[in-house]
Q: 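One structure follows; several queries about it will come next.
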Amino acid sequence: MAESSYLDELNESQRKAVLYNDGPMLVIAGAGSGKTRVLTYKIAYLLDHGYEPWSVLALTFTNKAAREMKERIARQVGIDRARYLWMGTFHSIFSRILRMEAEKIGFTSSFTIYDSADSKSLIDEIVREMELDIKDYRSNRVLSLISNAKNRLLSPEDYAKDKEQRRIDSSHSVPKVYEIYSQYCIRCHQRNVMDFDDLLVYTYQLFETHPEICDYYASYFRYILVDEYQDTNLVQHKLVLKLSSKHRHLCVVGDDAQSIYSFRGANIDFILSFARERNVRVFKLEQNYRSTQTIVNASNSLINKNENQIRKNVFSENDKGEPLSILRAFNDIDESEIVANTIIELHHKGYAYNDFAVLYRTNAQSTCFENTFRKKGVPYQIFGGTSFYQSKEIKNIIAYFRLVVNSDDDEAFRRIVNYPTRGIGDTTFVKLKNVAKQKNVSLWKILCGDLNEMKLTKTNITNLHRFRELIESFKRDLTVKDAEELGHDIICNSGIIGNLNRGLTPENLSQLAKIDNLLNDIKRFCEKKRNDGSSNIFLADYLMEAALLTDADRDDNDVPKVMLMTVHSAKGLEFSNVFVVGMEDGLFPDVTSEVEEERRLFYVAITRAETHCYLTYAKCRYRYGELIRCHPSPFLKEIDSCFRKGVIEEQVYNSGISQPHWGKDKELSLSGCSMFDGGEMPQEPHRFVAPRKLRKIDSSSVPASSSVGQMSGDSLEGKHIEHERFGRGVVEKVEGAGDNRKATVRFENAGVKQLLLKFARFKVCE
DNA sequence: TGCTCACTTGTTTTT
DNA sequence: CAAGTGAGCA
């Protein structure tokens, strides 16, 4: 009804892109040109013109983008219609479809999802079993080969037959990858698990082997929209083509200049060739509404250095703005201090902390900023890296969930069978594993079978039975209790909480806080689903979603905070003031990557900024625990000099060792460093690492300060004891519970010792 | 059985 | 400088 009102908010080219709906189309959207606006309005327009919400499929790059877009559409057309849109990432949409169709490809609907840590662990297991050299077949490397194969839709059989691939693998001394790949798929299938890539590959396979299902969805989705098309890979591309084959109402949006995921199989050619396709209408959005003219011009001057691109003329009619500031720091710590100080200064001038983002090339760079920001009291939030969902405690709890939902998930089994410790150690586990392997079934199936066949002690068997009973008690509630209740039960009854409650150490407190966070997360999930009209929300539902969540998806909008993240995760976001840090040769651009892609990445970084953009580099920085000498990034000079200000003088050191070097050849890199580092490089005092021995004495001889004795109800503290070997001493502290209870005792002659009460031989003196 | 200590090992980027 | 993996002691 308010159609004209929103169409009025669009410029000419945006409006054309919204109104054209007669066939496949491509929107080339320059940075900040309002493509999200086009997508939202287009969907709103479709809903106002006869499309039912559930017949519209919109694929986004992140969950957050999907959520925000949905909210914006809801504002246009009302939540009652917006909620039924199919909107989400490739992964989440297809996991939804796969859950409904799992049986058709030999999975069950309760399949669980492996993250890359799980995948790597499985690969390690296979490599060990095949008795291959773990040094050649590092899980990282193997996984990325497998992942690449999947993204190119190469099955294990295809891979084995691919002469070229096999030749390459052989020359890289990993000739058996094809066999690992094959085993890997078999195992995943056996365990009823899928990894991230599988979610796409199996959907594709499902459509291939069951044309009627493919037809069904292709008819069901009457209009398909895909955001960030420049970052799709082959599977995604083919899935989109399949799904849009019936109605041919397809709208893809992207910007070749922002293609930054080739390492994940994204291929810029899909968008380029799509543009050349007959019958495809191409629209260009070139007016940037986000940034100052200077920022837009600066980024244009940079990206023009790329050969391979669709030429476009991105312009801004905003304020002219200030030149990009280039700042030089002495080292990485100095860099973080400069950034912090600048932020504080601008904060005093009225910017909120969430008006700032610090963008870096690698996650490892965040630590320095964290420390400095904490020290200076600048509130910050880190995205990615060792995130909330990846922290051990959370992963372990999720592993409980997984094992309860899908008991064949051996990786989940492995993680928690002895967490918290319940007397099922390595030896027992290995026995279980061997039998499982021999019988070709999951660990859980063995656990449920006859344990007496194995050479296990009585206690072992009791412990195993107890574990089994624990998990089974949760399983009984899978479809009885909702996710919130069952999740709560699991956390409380699995022994994790009790384990943490035993001592109020800071670590335990932070873990408890994390667990609390997780519970809130589940609660929010349930509330959201209930709002969306679902009635039964089970743990399996939560799990499916949680597996695909990243911390960018967690809404944490309490206090304004400075955002710290990689350039990759900043894609699609915008900030008033952006600091692109670590602008050094070899770091950004990264040595191992393709220059044009790195340049696009830098382009993405700069174009996040609305008003101020700072580019910083350090003269030296710690890498690998070693101080290395750095040179400014060549990208800095590629920005036309009239759009930037500040230092990049820097004479070239031509000694044959041109780059900071952290390649394989250790000797070379050492000699490279010693040459530059010499003695003349002043170092921060706190960078000098205390000798190991000192540290050791520190931590073991000084008892931790917090000793809240009462809560354990223990009467041992302060008592004098006599130990079999160490003689007389005073108990300073007791912590832990059950078998893990230990006492810190200061002995008269033997110093301070920690005694495990289960083992220690002593008597209490009155 | 399990934790602590020492050692090796390695760094893009993410759903 | 991590984080993760393998040998001694309680």
Q: From the list dC3(B), dT9(B), dT14(B), which nucleotide is the closest neighbour of the side chain of Lys135(A)?
A: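 Among the listed nucleotides, the one closest to the side chain of Lys135(A) is dT9(B).
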Q: Identify whether any heavy atom of Asn233(A) sits under 4.0 Å from a base atom; if not, whether one sits that close to sugar-phosphate; answer base, sugar-phosphate or nothing.
A: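 Contact class for Asn233(A): none.
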Q: Considering residues at least two apart in sequence or located in another chain, which fulfil the side chain to side chain contact (heavy atoms under 4.5 Å, CB included) criterion with Ala364(A)?
A: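 Ala364(A): side chain to side chain contact (heavy atoms under 4.5 Å, CB included) contacts with Thr362(A).
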Q: Determine the contact category for Phe90(A): base if any of its heavy atoms lies under 4.0 Å from a base atom, sugar-phosphate if only primed atoms, P, OP1 or OP2 are that close, otherwise nothing.
A: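 The answer is nothing, as Phe90(A) stays clear of every strand by at least 4.0 Å.
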Q: From CZ of Arg361(A) over to P of dT13(B), roughly how many Å is that when rounded to an integer?
A: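 From Arg361(A) CZ to dT13(B) P: 7 Å.
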Q: Under 5.5 Å centre to centre and under 30° between planes: does that hold for Phe263(A) and the six-membered base ring of dT13(B)?
A: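 One would call Phe263(A) stacked on the dT13(B) base.
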Q: Want to settle it: does Asp426(A) or Ile260(A) sit nearer the 5' end of DNA chain B, counting the closest nucleotide to each?
A: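 Checking each residue's closest nucleotide, the 5'-ward one belongs to Asp426(A).
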Q: Quiz question: going by heavy-atom distance under 3.5 Å, is there a donor-acceptor pair between the base of dT12(B) and the side chain of Ser593(A)?
A: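 Indeed there is one.
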Q: Please tell me which of the listed nucleotides, dT13(B), dT15(B), dG2(B), lies nearest to the side chain of Thr89(A)?
A: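 In terms of side-chain proximity for Thr89(A), the closest of dT13(B), dT15(B), dG2(B) is dT15(B).
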Q: So which of residues 136-144 of chain A are in contact with DNA chain B, with a heavy-atom cut-off of under 4.0 Å?
A: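 Result for residues 136-144 of chain A: Arg138(A), Asn140(A), sorted by number.
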Q: Please determine if Arg264(A) and Asp231(A) form a salt bridge, counting it only when a charged side-chain N lies under 4.0 Å from a carboxylate O.
A: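 Looking at Arg264(A) and Asp231(A), the cut-off is not met.
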Q: For Phe270(A), which residues count as a ring pair (Phe, Tyr, Trp, His ring centres under 6.0 Å) partner, sequence neighbours excluded?
A: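 Per chain and number, Phe270(A) pairs via ring pair (Phe, Tyr, Trp, His ring centres under 6.0 Å) with His237(A).
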Q: Can you identify which nucleotide, out of dT11(B), dT13(B), dG4(C), has its nearest atom closest to the Lys392(A) side chain?
A: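 Looking only at heavy atoms from C-beta outward on Lys392(A), the closest nucleotide is dG4(C).
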Q: Take the protein atom CD of Gln365(A) and the nucleotide atom C1' of dT12(B), then report the distance between them rounded to whole Å.
A: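 Rounding to the nearest Å, CD of Gln365(A) and C1' of dT12(B) are 10 Å apart.
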Q: Taking only residues two or more places apart in sequence or in another chain, which ones pass salt bridge (Lys or Arg N to Asp or Glu O under 4.0 Å) with Asp118(A)?
A: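 For Asp118(A), the residues satisfying salt bridge (Lys or Arg N to Asp or Glu O under 4.0 Å) (neighbours in sequence not counted) are Arg402(A).
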Q: Could you state the atom-to-atom distance from NZ of Lys120(A) to P of dA3(C) in whole Å?
A: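 Interatomic distance, NZ of Lys120(A) to P of dA3(C): 13 Å.
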Q: Please measure how far the P atom in dG4(C) lies from the corresponding atom in dT13(B), and state the result in whole Å.
A: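 Per the computed distance, 15 Å lies between those P atoms.
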Q: Can you list the residues that meet the side chain to side chain contact (heavy atoms under 4.5 Å, CB included) rule with His568(A), with sequence neighbours excluded?
A: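 Checked His568(A) against side chain to side chain contact (heavy atoms under 4.5 Å, CB included); matches are Ile260(A), Tyr261(A), Phe263(A), Arg361(A), Thr566(A), Leu601(A).
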Q: Who pairs with Ile126(A) by side chain to side chain contact (heavy atoms under 4.5 Å, CB included), at least two apart in sequence or on another chain?
A: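 Applying side chain to side chain contact (heavy atoms under 4.5 Å, CB included) to Ile126(A) gives Leu122(A), Met130(A), Ile180(A), Gln183(A), Tyr184(A), Arg187(A).
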Q: Can you tell me if the side-chain N/O atoms of Asn418(A) get under 4.0 Å from OP1 or OP2 in dG2(B)?
A: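 Indeed, a polar side-chain atom of Asn418(A) lies that close.
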Q: At 4.0 Å (heavy atoms only), tell me whether Ser569(A) reaches a base, stays on the sugar-phosphate, or touches nothing.
A: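 Result for Ser569(A) = sugar-phosphate.
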Q: For the side chain of Arg264(A), starting at C-beta, report the closest nucleotide among dT13(B), dG2(B), dT14(B).
A: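 Output: dT14(B).
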Q: When all nucleic acid strands are considered with a 4.0 Å heavy-atom cut-off, which category describes Ser116(A): base, sugar-phosphate, or nothing?
A: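 Here Ser116(A) touches no strand at all.
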Q: Base, sugar-phosphate alone, or nothing: which one does Thr592(A) contact when heavy atoms must sit under 4.0 Å apart?
A: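 Base contact.
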Q: Nearest to the side chain of Asp590(A), heavy atoms from C-beta on, is which of dT12(B), dT14(B), dG2(B)?
A: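 Given the options dT12(B), dT14(B), dG2(B), the side chain of Asp590(A) is closest to dT12(B).
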Q: Between Gln258(A) and Arg600(A), is any pair of side-chain heavy atoms under 4.5 Å apart?
A: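 No - every pair of side-chain heavy atoms lies 4.5 Å or more apart.
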Q: For Gly625(A) and His91(A), take the nucleotide of DNA chain B holding the closest heavy atom to each; which residue's nucleotide lies nearer the 5' end?
A: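 Between the two, 5'-proximity favours Gly625(A).
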Q: OP1 or OP2 of dT12(B) sitting under 4.0 Å from any side-chain N/O of Asn363(A)?
A: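 Indeed not, no polar side-chain atom of Asn363(A) lies that close.
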